[in-house]
Amino acid sequence: MPLEREEFLMLEQKARDLRKLIIKTVVWAGSSHIGGSLSAIDLLTILYYKYMNIDVSIPDWEDRDRFILSKGHIGVGFAPVLADKGYFPLHWLETFNHTHSQLGMYLDKNKVPGLDASTGSLGHGLPLAFGLALSAWLREQNFRTYCLLGDGESNEGSNWEAAMAISHYNLSNVIPIIDRNHSMLDGCTEEAMGIEPLADKWSAFGFHVIDVEDGNDMYQLATAIEAAHAADIPSVIIMQTKKGCGVAHMTDDNLFAGFDSEKQTQCLKDIDEYHDARMRRKMELIV
Ligand SMILES: Cc1ncc(C[n+]2csc(CCOP(=O)(O)OP(=O)(O)O)c2C)c(N)n1
């Protein structure tokens, strides 16, 4: 098992708390990309609370691992993680996307401590991650760069140029992770612009493809990340997730973007029920 029992319990509790904080932040903001935040929050949790080599007291530490949020529209899902880690005060979240706030819908590196890049225009994150990885290799630095991409974002050609370059330089210190929730703003990815066979495409670009059957499962994520760490060729993680994961009426909903405080109570209750059920399933397997 790649996770100790106590570690697993800690990560599960953290993901539950962060899901709730995302809901609250969306209510403070008025609206935002909830679905793609909830599909990716388990991955953000395991990276920030287990795998990334970072020091919150030195956000610009030269040798820290980097994280590039290429699907930058889920700032509302990422800012709660950075706040909870202690990069900035939690009360900043109450101003998310308000005029003059430090936290805009698309997070700005010049305003948000702990953020490694300003993103939001899809297709820019992986080229940035490639540059960081190439620079680390040239300077003989040991940090890793993780990059989270949307599946709809795969439509942007710049991702494939970056993939080609990562493969050309055989960089295993950069790990693209694709949130395969099968949905984008225009609807189902395969109807808007088919991206399958996605694994074969990455494979053809020279990547070791790591499929995660359930990207909302901590054990599966841990196994995948450790496989990517162990590989000596570039790896890509393709994680199957559910948009809106954790809130029943949002699950697999393409368009869901906002709600008011009245619905907040129901969402928080849904999240508890979802996490209780998921924990019960997992504990049966572990014991
Ligand atoms: C270059 C560019 N074009 C369009 C947009 C508008 N946009 C914001 S989110 C989104 C859909 C992204 O879908 P996906 O990558 O699957 O993200 P997820 O659904 O997982 O959140 C689009 C098209 C953008 N941010 N950047």
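In listed order, ligands and their atoms are each counted from 1.
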- Identify the residue among Glu273, Glu284, Glu12 that makes a salt bridge (Lys or Arg N to Asp or Glu O under 4.0 Å) with Arg278. Glu12
- Message: Side chain or backbone, does Asp151 bring an N or O within less than 3.5 Å of an N or O on ligand 1?
- Response: yes
- Note on the structure: When every non-hydrogen atom of Ser158 is compared with those of Gly123, the smallest separation belongs to OG-O, 2.6 Å
- Identify whether the distance between the nearest side-chain nitrogen and carboxylate oxygen of Asp179 and Lys243 falls below 4.0 Å. no
- Message: Is a donor from one side chain sitting under 3.5 angstrom from an acceptor on the other, for Ser172 and Asp232?
- Response: no
- Task: Looking only at protein heavy atoms, identify the closest one to atom 15 (O) of ligand 1 and say how far it is in Å.
- Result: Glu153 N, 2.9 Å
- The closest protein heavy-atom partner of atom 3 (N) of ligand 1 is Glu156 OE2, 4.1 Å
- Note on the structure: The protein heavy atom nearest to atom 23 (C) of ligand 1 is Leu122 CD1, 3.9 Å
- Task: With heavy atoms of Lys71 as the reference, note each atom of ligand 1 found under 4.0 Å away.
- Result: 18 (P), 20 (O), 21 (O)
- Task: Return yes when Ser183 approaches ligand 1 closer than 4.0 angstrom through a heavy atom, no otherwise.
- Result: yes
- Test log, rule side chain to side chain donor-acceptor pair (under 3.5 Å), inputs Glu156 and His124: CA-CA 9 Å; Glu156 300 288 343; His124 289 191; over 6 Å; no
- Message: Looking only at protein heavy atoms, which one is nearest to atom 14 (P) of ligand 1, and what is the separation?
- Response: Gly152 N, 3.6 Å
- Side-chain donor-acceptor contact under 3.5 Å, Tyr274 with Asn216: no
- Which residue owns the protein heavy atom closest to atom 25 (N) of ligand 1, what's the atom, and how far is it? Gly120 O, 2.8 Å
- Task: Determine whether the side chain, the backbone, both or neither of Ala40 has a heavy atom under 4.0 Å from any heavy atom of ligand 1.
- Result: neither
- Query: What residue and heavy atom of the protein are closest to atom 6 (C) of ligand 1, and at what distance?
  - Reply: Leu185 CD1, 4.4 Å
- of all protein heavy atoms, closest to atom 13 (O) of ligand 1 is Met184 CB, 3.3 Å
- Item | Side-chain donor-acceptor contact under 3.5 Å, Ser39 with Lys242 | no
- Query: Can a donor-acceptor pair be found between the side chains of Thr189 and Arg180 at a distance below 3.5 Å?
  - Reply: yes
- Considering only heavy atoms of Gly36, which atoms of ligand 1 have at least one such atom less than 4.0 Å away? 21 (O)
- Query: Would one find an N or O of Asn181, backbone or side chain, under 3.5 Å from an N or O of ligand 1?
  - Reply: yes
- Query: Of all the atoms in ligand 1, which lie at a distance below 4.0 Å from a heavy atom belonging to Ser121?
  - Reply: 1 (C), 26 (N)
- Establish, from distance only, whether the side-chain atoms of Asp65 and Asn53 form a donor-acceptor pair under 3.5 Å. no
- Task: Give a yes/no verdict on whether any heavy atom in Gly123 is under 4.0 Å from an atom of ligand 1.
- Result: no
- Query: Above 12 or not: heavy atoms from other molecules or residues under 6.0 Å from OH of Tyr169?
  - Reply: no
- Message: I need the nearest protein heavy-atom contact for atom 19 (O) of ligand 1: residue, atom name and distance, please.
- Response: Lys243 NZ, 2.5 Å
- Report yes or no: does Asn97 contribute a side-chain atom to a donor-acceptor pair with the main-chain N or O of Ala29 at less than 3.5 Å? no
- Short version for His73: what comes under 4.0 Å of ligand 1, heavy atoms counted, is side chain
